[in-house]
Amino acid sequence: MSYPFRDKFLPWPRTPLFTLAKPDGDLKPFWEAHARDFAYVQPNTNFAESAAGDLPIPSTLVNPDTGARIATPEEWPALRETHLRNITRILYGELPPKPQSREVEILKEKEVFDGTALQRILKLTLCNDGKRHEVTVLCYIPKAAQPVPAIVAMNFPGNHGCTDDPDVPLSPWRDQQKPRGDGKSRWNFRLLTDAGFAVITCARYDFYPDDVFGRKESVFRLFHDESELTPRDRQYTAISAWAYGYSILRELAASFPEINAKDIWAHGHSRLGKTALWTIANDPGWAGAISNCSGCAGAKISRRNYGETLEVIDHFFPWWVTHEALPYAQNPAILPFDQHTLIALAAPRPVLVTSAHEDQWADPMGQFLAVKGAQETYQLLGGKPLPSQEYPALEEVLMSPSLGYYERHGIHDVTDQDWTNVINFIRQTR
Ligand code: GTR
């Protein structure tokens, strides 16, 4: 067994980047150090399979504290709790509590797609201890054969970035506002509604603005004072705030008469793919999850030194994971779980993991190995293994009613091909 991680992450003393974010909001020193460190880390990232190392991946069925292996489905819930606790402590932190109340206001509703679907835009206000937190939600709901299954998927550019429709209000995000339609190639709403799926989305920044100062404007503000939400308060992570948001959207979707409350799926791309897996680990109400190109701290095995590593995430995105992650990021061999354990927390609910050939940063092989590693738990609970244990050919979609994996041509992205695979995957789970 070889220890695959470099001795030195950086050739100069490591300054935790979040400590460089000035209390007055000045991000210049943060971004300068970020750029300097990344310019070293990226060319020094390993993309050779021969150097990925061979750290053994722990079984999801073995208790990391006692070494005892479970053999029956009845023993899984207690072991699951242990895994969930470890993943909470070391990676993502706790999700916020439920708000005391919520208000829903329909802002706009109209027929779209030649009258085959409804577009509904809502303002959702979460209320707690006299504080209010607003989220704008965009929904597309097919009119045929209701109640329909739904996909909940947060977006990157804001709702207005997912479509050219001028009726969708611009979501403001400080200086980073995206133009209307900017990310629409990732959102073929019509393809989904034509296939009979509703889609519910909102901007990720409505739950946690995705930067080092995002915490104080995030949904955590309903439960904490601003003084507790500084860049150092790393127990309150963006991934947990988004996961919380996903479940708030699921509960909203479940309240629509047009939607089948038992058939709501969490979908996320990249950092939101990490989130989709964490979401369903925390909320039994989901039917299943789709992780699209989620990579490190998502569906990729952290014990592999290939592409992005946990150390990279801890350093460059310190608001995604807790401060507890660092010693494990530096030495993943001591992690009491790996990311296949996160997938196993979804069991027996189906999970599809997608990857892309030109997205080696996200380590397609590491994501396949995580799906493979999660199978033991699925099988213990009566689920079906993948149809093959070999790495699939490019474009070949491996799927069983429990788990799916594929690597397509192309880049880190969400394409119509991905959505078609999602639809096919969900259909064959029935
Ligand atoms: C990258 C990050 C990845 C992935 C991606 C994304 O910069 O290294 O872990 O999450 O962002 O979310 O688009």
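Heads up: numbering here begins at 1 and tracks the sequence. Each ligand, and each atom within it, is numbered from 1 in the order the structure gives.
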query = Does a salt bridge link Glu134 with Lys123, judged by any charged N lying under 4.0 Å from a carboxylate O?
reply =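 Judged by the 4.0 Å cut-off on N to carboxylate O distance, Glu134 and Lys123 do form a salt bridge.
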
task = Would you please name every residue forming a salt bridge (charged side-chain N to carboxylate O under 4.0 Å, His left out) with Asp194, sequence neighbours left out?
result = Arg190

request  = Please list, chain by chain and in numerical order, all residues satisfying salt bridge (charged side-chain N to carboxylate O under 4.0 Å, His left out) with Glu103, sequence neighbours excluded.
outcome  = Arg132

Heavy-atom donor-acceptor pair, Arg215 side chain to Asp233 backbone, under 3.5 Å =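 Side chain of Arg215 to backbone of Asp233: a pair is present.
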
Distance-only donor-acceptor hits, side chain of residues 335-350, under 3.5 Å, sequence neighbours excluded:
| unit_1 | atom_1 | unit_2 | atom_2 | d |
| --- | --- | --- | --- | --- |
| Asp338 | OD1 | Ser302 | N | 2.6 |
| Asp338 | OD2 | Ser302 | N | 3.4 |
| Asp338 | OD2 | Arg303 | N | 3.1 |
| Asp338 | OD2 | Arg303 | NH1 | 3.0 |
| Gln339 | NE2 | Tyr92 | OH | 3.2 |
| Gln339 | NE2 | Gly298 | O | 2.9 |
| His340 | NE2 | Pro58 | O | 2.6 |
| Thr341 | OG1 | Asp338 | N | 3.0 |
| Thr341 | OG1 | Asp338 | O | 2.9 |
| Arg349 | NE | Ala346 | O | 3.0 |
| Arg349 | NH1 | Ile280 | O | 3.3 |
| Arg349 | NH1 | Asp283 | O | 2.9 |
| Arg349 | NH1 | Trp286 | O | 3.4 |
| Arg349 | NH2 | Ile280 | O | 2.7 |

key: First-shell residues of ligand 1 [heavy atom, distance under 4.0 Å]   =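 Close residues (ligand 1, cut-off 4.0 Å): Phe156, Ser270, Arg271, Lys274, Glu308, Ile313, Phe317, Trp320, Trp361, His412.
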
query = Checking side-chain contact (heavy atoms from CB on, under 4.5 Å) for the pair Arg102/Glu251: CA distance, chi angles, key distance, verdict?
reply = CA-CA 11 Å; Arg102 37 193 118 176; Glu251 287 159 3; 2.6 Å; yes

